[in-house]
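Structure record follows, encoded as structure tokens.
Whatever order the structure lists them in is the order used to number ligands and atoms, beginning at 1. Remember, predicted model here, so these are calculated numbers, not experimental data.
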Amino acid sequence: MRGHFITFEGGEGSGKSTHAKTLAERLRSVGVPVVLTREPGGSPGAEIIRHILLSGMVKPLGEETEAILFAAARDDHLRHTILPALKSGSWVISDRFIDSSRVYQGALGKVDTRLIRGLERVTVGEAVPELTILLDVPATVGLARAHHRRGDNDVDRFESESVEFHERLRDAYLAVAKSEPHRIVTIDGRAPRNVVAERIWAVVDERLRPRLARIAEETAP
Ligand code: TYD
């Protein structure tokens, strides 16, 4: 693996997609080749599986089947997008990756940890992200943002259905982050967008500075 692999995680309205994009743009502006991708999806095969999963068609088959399909999508994504990009020296930024499965299927869906970890081993193997940014926001903040984005008028119904789920989601993410403090950096997503973006940049710069410095030297006039 020659490039670097960074993932973003977080719940609804955490800002992860925006910040994944902002980081990709900033890295590109200093000469780093970046592939910005997302899960489920990110390769033609995985996009087909995404369609099936997000349609809700698989739900009646149970959480285990869903977990296996997320893993199958990840396998395709790795083979066709992530690994070739890393091999060619690009940095890969993925909006969601293994921690989404640990949290949504594992912690919330109650799929046995051994199945989750087993699927990780056979799909991801050594290609674990070097850095994962977890954007943490309280459920009510995330839901209010998501609500604003959707322009849904039915606030009460939407919120009453989702607050408890999103609180559990947040706790599960924080527990996963605690279990791997070297890889996962938790950033408070409540701050203004530019402040969060600066914090993310500081983490990336600190972790991957030697590599960034080399690229700056190579691209200097
Ligand atoms: P998406 O529409 O991409 O929204 P977002 O990432 O902004 O939340 O939906 C992806 C959904 O898939 C999201 O609800 C989380 C879920 N998911 C899992 O349950 N397990 C996984 O392994 C992944 C990658 C995603």
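Protein residues having at least one heavy atom under 4.0 Å from any atom of ligand 1 are Lys16, Glu39, Pro40, Arg50, Leu54, Phe70, Arg74, Arg96, Ser100, Ser101, Tyr104, Gln105, listed by chain and number.
A donor-acceptor contact under 3.5 angstrom links the side chains of Arg74 and Ser101, judged on distance only. Side chains of Asp136 and Thr186: a donor-acceptor N/O pair is absent below 3.5 angstrom, by distance only.
The closest side-chain heavy-atom distance from Arg2 to Lys87 is not below 4.5 Å.
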Only pairs under 3.5 Å count here: list side-chain donor-acceptor contacts from residues 42-51, not counting sequence neighbours, and write none if there are none.
| unit_1 | atom_1 | unit_2 | atom_2 | d |
| --- | --- | --- | --- | --- |
| Ser43 | OG | Ala46 | N | 3.3 |
| Ser43 | OG | Asp76 | OD2 | 2.6 |
| Glu47 | OE1 | Arg38 | NH2 | 2.8 |
| Glu47 | OE2 | Arg38 | NE | 3.3 |
| Glu47 | OE2 | Arg38 | NH2 | 3.3 |
| Glu47 | OE2 | Gly42 | N | 2.8 |
| Arg50 | NH1 | Pro40 | O | 2.9 |

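With Arg170 contributing its side chain and Gly11 its backbone, the two residues share no donor-acceptor pair below 3.5 Å. A donor-acceptor pair is defined here as one N or O able to donate and one able to accept, closer than 3.5 Å; no such pair exists between the side chain of Ser100 and the backbone of Arg96.
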